[in-house]
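Side chains included, hydrogens not; waters and symmetry mates left out as well; all remaining heavy atoms used.
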Amino acid sequence: MGFKARITEQGTRARTAVAATAIAVAATVWGVSALVGPGHTSAHDVAGGHGPARPGGSGSGPGGTPAKGIPEGIAHASESGANAVNITIDDGPDPRWTPKVLDVLAEHDVKATFCMIGPQAKAHPDLVKRVVAAGHRLCDHTMNHDTAMDKKPVAYQEQQILDAKKLIEEAAGGAKVEYYRAPGGAFTPDSRRIAAANGMRPLGWNVDTKDFGKPGAAAIVDAVKREIGNGPTVLFHDGGGNRAQTVEALDGVLAWLKQQGRPTGFPIRTAPEAAEAAEAPDAADVPEPARNHVS
């Protein structure tokens with residue numbers, strides 16, 4: 001075979017190999033996309049190292065499948081009906097302020113959902129048990145209150161959620177954590193799936209009282225009155241600093257709700273997605289003010 005013929009044959013073989021490689025890559029990407037589907041880890045995420053964290057985590061299998069009856073959608077509605085209001089308390093437990101919040105709730109005969117930081121629960125198991133004994137529910141608010149965790153790898157999100165759940169449940173002495181609230185509303189499809197797979201309903205909010213900024217008790221009460229039309233789930237804090245204004249405002253808000261004939265209840269846990277579609281827009285899509293959790 002002459003030199004020119006050999007060159008021509010080699011070029012043909014090279015083009016054939018390149019074409020075969022391109023077809024294989026395309027098939028692989030299509031296969032990944034088809035497997036993960038809408039709302040799941042994308043081919044880009046897999047390539048970028050943000051795929052399933054570990055067996056039993058956010059991927060396939062028990063850790064990646066919602067627990068029976070627990071949807072991945074963010075909850076807002078109340079189990080107690082369309083007119084009911086959900087009181088939620090974040091960032092505790094705190095040895096100074098959580099007892100005062102519990103006293104106000106007891107005075108008004110109101111039950112609330114406490115979204116706890118893992119290390120805080122471990123440090124104050126007596127308060128976690130008191131919350132449970134009073135008939136309130138527990139919510140996972142992660143280990144470190146990282147409001148940028150939606151930008152972090154899935155393995156990090158999983159660690160933040162599941163480690164906190166373990167600490168809270170150990171502190172509670174057997175009570176289960178029933179909800180997961182992402183710090184600053186930083187939910188991702190992966191974090192919602194991890195939560196649901198572990199029996200926790202993702203929990204949003206509709207009314208941000210802005211109590212973390214200490215605007216004054218009257219301003220906190222006014223925020224609830226002004227925004228309650230957005231939906232039934234109200235966000236307060238018992239941790240992260242001086243919560244004297246929150247305690248005073250919570251008393252005022254609960255008195256006002258009673259005057260308005262608005263009962264209180266717990267957020268939905270097992271309602272189908274169709275029920276959520278009719279709810280008000282989620283204020284949890286608007287992040288809380290960026291802040292570092294004080295542990």
Tell me, which pairs form a ring pair (Phe, Tyr, Trp, His ring centres under 6.0 Å) where one or both residues lie in residues 80-115, sequence neighbours left out?
Phe114-His136

Residues two or more places apart in sequence or in another chain: which of them pass side chain to side chain contact (heavy atoms under 4.5 Å, CB included) with Ala249?
Ala217, Ile220, Val221

Between the main-chain N or O of [Y] and the side-chain N or O of [X], is there a donor-acceptor pair closer than 3.5 Å?
X	Y	answer
Arg269	Gly199	yes
Gln245	Gly216	yes
Asn83	Gly261	yes
His237	Asp90	no
Thr88	Thr113	no

What pairs of residues pass the salt bridge (Lys or Arg N to Asp or Glu O under 4.0 Å) test when at least one of them lies in [range], not counting sequence neighbours?
range	value
residues 136-146	Glu79-Arg137, Arg137-Glu178, Asp146-Lys152
residues 103-132	Asp103-Arg130
residues 221-247	none
residues 244-263	none

Holding to ring-ring contact (aromatic ring centres under 6.0 Å, His included), I want the full list of residues that pass it with Tyr179, two or more places apart in sequence or in another chain.
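Checked Tyr179 against ring-ring contact (aromatic ring centres under 6.0 Å, His included); zero matches.
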
Quick one: list whatever passes ring-ring contact (aromatic ring centres under 6.0 Å, His included) with His124, sequence neighbours left out.
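With sequence neighbours excluded, His124 shows a ring-ring contact (aromatic ring centres under 6.0 Å, His included) to no residue whatsoever.
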
Identify, with sequence neighbours excluded, every residue that meets side chain to side chain donor-acceptor pair (under 3.5 Å) alongside [X].
X	result
Thr209	Asp211
Asn86	Ser78, Thr233
Thr188	Gln157, Ser191

I'd like to check [X] versus [Y] (side-chain heavy atoms, cut-off strictly below 4.5 Å). Are they in contact?
X	Y	value
Ile74	Arg192	yes
Met116	Cys139	no
Thr98	Ile89	no
Val101	Phe236	no
Leu138	Val132	yes
Cys115	Asp91	no
Thr264	Ser80	no
Leu235	Arg181	yes

Quick one: do Val253 and Val234 satisfy side-chain contact (heavy atoms from CB on, under 4.5 Å)? Show the steps, please.
CA-CA 10 Å; Val253 166; Val234 184; 5.7 Å; no

Atom pairs and distances, side-chain donor-acceptor, residues 164-175, under 3.5 Å, sequence neighbours left out:
from   : atom 1 : to     : atom 2 : distance (Å)
Lys165 : NZ     : Glu169 : OE1    : 3.2
Lys165 : NZ     : Glu169 : OE2    : 3.1
Lys166 : NZ     : Glu170 : OE2    : 2.6
Glu169 : OE2    : Val177 : N      : 3.0

Do Phe187 and Asp150 pass the side-chain contact (heavy atoms from CB on, under 4.5 Å) test, and can you show the C-alpha distance, the side-chain angles, and the key distance before you say yes or no?
CA-CA 6 Å; Phe187 289 99; Asp150 57 329; over 6 Å; no

